Amino acid sequence: MTQPTVDQAYLAKRQLRKGTAGWMLLAGLGVSYVISGDFAGWNFGIAEAGWGGFAIAACLMALMYLALVLALAEMSAAIPAAGGGYSFARQAMGPAGGYLTGLAVLIEYALAPAAIVIFIGSAVEALLGVNGPLVYLLFYAVFIGIHLAGVGEALKVMMVISGLAVFAILATAVALIGDFDSANLFDIAPTDAAGASTFMPFGWYGIWAALPFGMWLFLAVEGVPLAAEEAKDPARDMPKGIIGAMLFLLFTALLVVLLLAGATSAEMIGQSGVPLVDALNAAGNPTLATLVNVLGLAGLIASFFSIIYGYSRLVFALSRAGYLPKQLSLTSGRKVPYLALIVPGIFGFLASLSGEGDLMLGMAVVGATISYALMAFSHIWLRLKQPDLPRPYKTPGGIVTSSIALVLSLVAMTGVYAFDPRAFNYTIVLFIAGAAYYFLYSKHHLVAKTAEEEFALVTASPEEVDPAASVAASVKL
């Protein structure tokens, strides 16, 4: 036994509102994180690999995410902390492993909203004729403001916006299914690349380069555990929420990948900036195309809005533990980490001024794959190192499942290099700089010395949090 003395006044200022989200809201959060990826971005993988090659890449990435989600479902039920993957890695690999995992997720979640708001600006320009920094600033301000109102209100707004985006995808699928012709999937002429064929016209290299675009159909679903401390019953709600979100996203991915190219032309869809809209126009549905164009903005907003939520909870957890400046984990009277929402939002807005959305998305994917590898390894290590850890939900297949996620995440990371070496190199430099901050400074300012002490802080009940007192927390090692 160890008896860490915890200043409860510190914790009292850093409390999230527990019991806010049931599994349906958590599943909706997972869908919101990802749904914009169904509207655009994934389809450029067809240009890299042809439809068949991209289908292989997308299936590999679907397998990676499914395996990862099943591993995360186990860890989020056993370790229901707001840090998500960071908290799992902290428990498995200690403070350095936890921080490096959190850093990789932070790179993903900090850069993705900056990229998405640039795409939102383009959509607003197409609809209203205005774009630029003022549009970016307006969206950051409005949606951070909604989050500041409270997590329950924010998640409900998120569900409504996501519902509109899902409606657009389902309506598009219904409209196109009658025009489906499998010959349209293979209208790209084979090249002389190694392994090229009618099915995969750009050969094996094309599949490799298309992996990041396959990820775009599911990227950020791993953020559901960031809401663990606000779940009603984490042991039951977290597995149901994240697995439910993943199954629904597999369904929507199948619809867009198969029907858009199959109803029109793989070559056209591979070049389209708005594939759902272009497919509907090509199939003779201009009215629905206009509606979907408007609702496509809802899809972008849903992901923008939800990833802001995700980065705030990650920054909150890293700050509360002392990895980042401790002021960032202060919460308001509504139990909202206001500085963790505002400060990264300012940096995201500044990044959006670059206008290089594609570069930031590539960097976000690199950060994501690093974190996936570390999270999958955490699952394996926790199974081996702490077999008696209470696990309300157990991953089907155990460490075999998480090993699949580990291997495929490393392969996917190299796929970014195949597509955009600049994004890969910039992210590695950013990751090294963030690691240096930890080893040179923050490792000496951590709030808790062990993962067990940190988890005791996280799980302290509101009754135990008395600003006027200190308490010795007994933690079983």
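Keep in mind that this is a model prediction, so the values were computed, not measured. Note: hydrogens, waters and symmetry copies are ignored here, and every other heavy atom, side chains too, is used.
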For the atom pair [atom1] ([X]) and [atom2] ([Y]), what is the distance rounded to the nearest 0.5 Å?
| X | Y | atom1 | atom2 | value |
| --- | --- | --- | --- | --- |
| Tyr372 | Leu410 | OH | CG | 13.0 Å |
| Asn281 | Met268 | CG | CE | 8.5 Å |
| Leu111 | Leu430 | CG | CG | 7.0 Å |
| Phe54 | Leu217 | CZ | CG | 5.0 Å |
| Leu288 | Leu280 | CG | CG | 4.5 Å |
| Tyr426 | Asp420 | OH | CG | 9.0 Å |

Does some side-chain heavy atom of [Y] sit less than 4.5 Å from a side-chain heavy atom of [X]?
| X | Y | answer |
| --- | --- | --- |
| Met375 | Leu72 | yes |
| Met75 | Pro225 | no |
| Ile35 | Ile161 | no |
| Met246 | Leu250 | yes |
| Asp278 | Thr264 | no |
| Asn43 | Leu260 | no |
| Leu211 | Thr414 | no |
| Phe88 | Leu374 | no |

Is the distance from the ring center of Phe143 to that of Phe305 below 6.0 Å?
yes
Tell me if the centroids of the rings in Tyr65 and Phe218 come within less than 6.0 Å of each other.
yes
Across all chains, not counting sequence neighbours, the side chain to side chain contact (heavy atoms under 4.5 Å, CB included) partners of Leu361 are Ala115, Phe119, Trp216
Holding to side chain to side chain contact (heavy atoms under 4.5 Å, CB included), I want the full list of residues that pass it with Thr290, two or more places apart in sequence or in another chain.
none
Test Ile301 against Leu297 for side-chain contact (heavy atoms from CB on, under 4.5 Å), laying out the working first.
CA-CA 6 Å; Ile301 290 172; Leu297 179 58; 3.9 Å; yes
Does Tyr323 form a ring-ring contact (aromatic ring centres under 6.0 Å, His included) with Tyr437? I'd like the steps, not just the answer.
CA-CA 9 Å; Tyr323 293 99; Tyr437 171 79; 9.7 Å; no
For Glu356, what residues pass the side chain to side chain donor-acceptor pair (under 3.5 Å) criterion, not counting sequence neighbours?
Arg422
Sidechain-backbone polar pair: [X] side chain, [Y] backbone, donor-acceptor under 3.5 Å:
| X | Y | result |
| --- | --- | --- |
| Ser162 | Met159 | no |
| Asn293 | Ala289 | no |
| Ser319 | Lys326 | yes |
| Trp381 | Ala92 | yes |
| Trp42 | Asp38 | yes |

Between [X] and [Y], do the side chains contain an N or O donor and an N or O acceptor separated by less than 3.5 Å?
| X | Y | result |
| --- | --- | --- |
| Tyr309 | Tyr33 | no |
| His379 | Thr395 | yes |
| Ser32 | Ser306 | no |

For [X] and [Y], work out which heavy atoms get closest and say how close.
| X | Y | result |
| --- | --- | --- |
| Ala210 | Gly45 | CB-O, 3.8 Å |
| Ser442 | Leu446 | O-CD2, 3.4 Å |
| Ala412 | Met215 | CB-SD, 3.9 Å |
| Ile169 | Val256 | CG2-CG1, 4.0 Å |
| Gly102 | Leu314 | O-CD2, 3.6 Å |
| Gly273 | Ala40 | O-CB, 3.6 Å |

Atom OH of Tyr393: over 12 foreign heavy atoms under 6.0 Å:
yes
May I ask you to check whether over 12 heavy atoms, not counting those of Phe439, lie within 6.0 Å of atom CZ?
yes
On the 0 to 90° scale, with breaks at 30° and 60°, tag the Tyr99-Tyr438 ring pair as parallel, tilted or perpendicular.
parallel
With under 30° as parallel and over 60° as perpendicular, where do the rings of Tyr205 and Trp208 fit, or are they tilted in between?
perpendicular
Tell me, with the steps shown, if Tyr417 and Phe424 meet ring-ring contact (aromatic ring centres under 6.0 Å, His included).
CA-CA 5 Å; Tyr417 188 83; Phe424 182 89; 5.4 Å; yes
Could you go step by step and tell me if Phe431 and Val366 meet the side-chain contact (heavy atoms from CB on, under 4.5 Å) rule?
CA-CA 10 Å; Phe431 188 76; Val366 177; over 6 Å; no
Take Val124 and Asn131 through the side-chain contact (heavy atoms from CB on, under 4.5 Å) test and state the conclusion after the steps.
CA-CA 7 Å; Val124 170; Asn131 196 357; over 6 Å; no
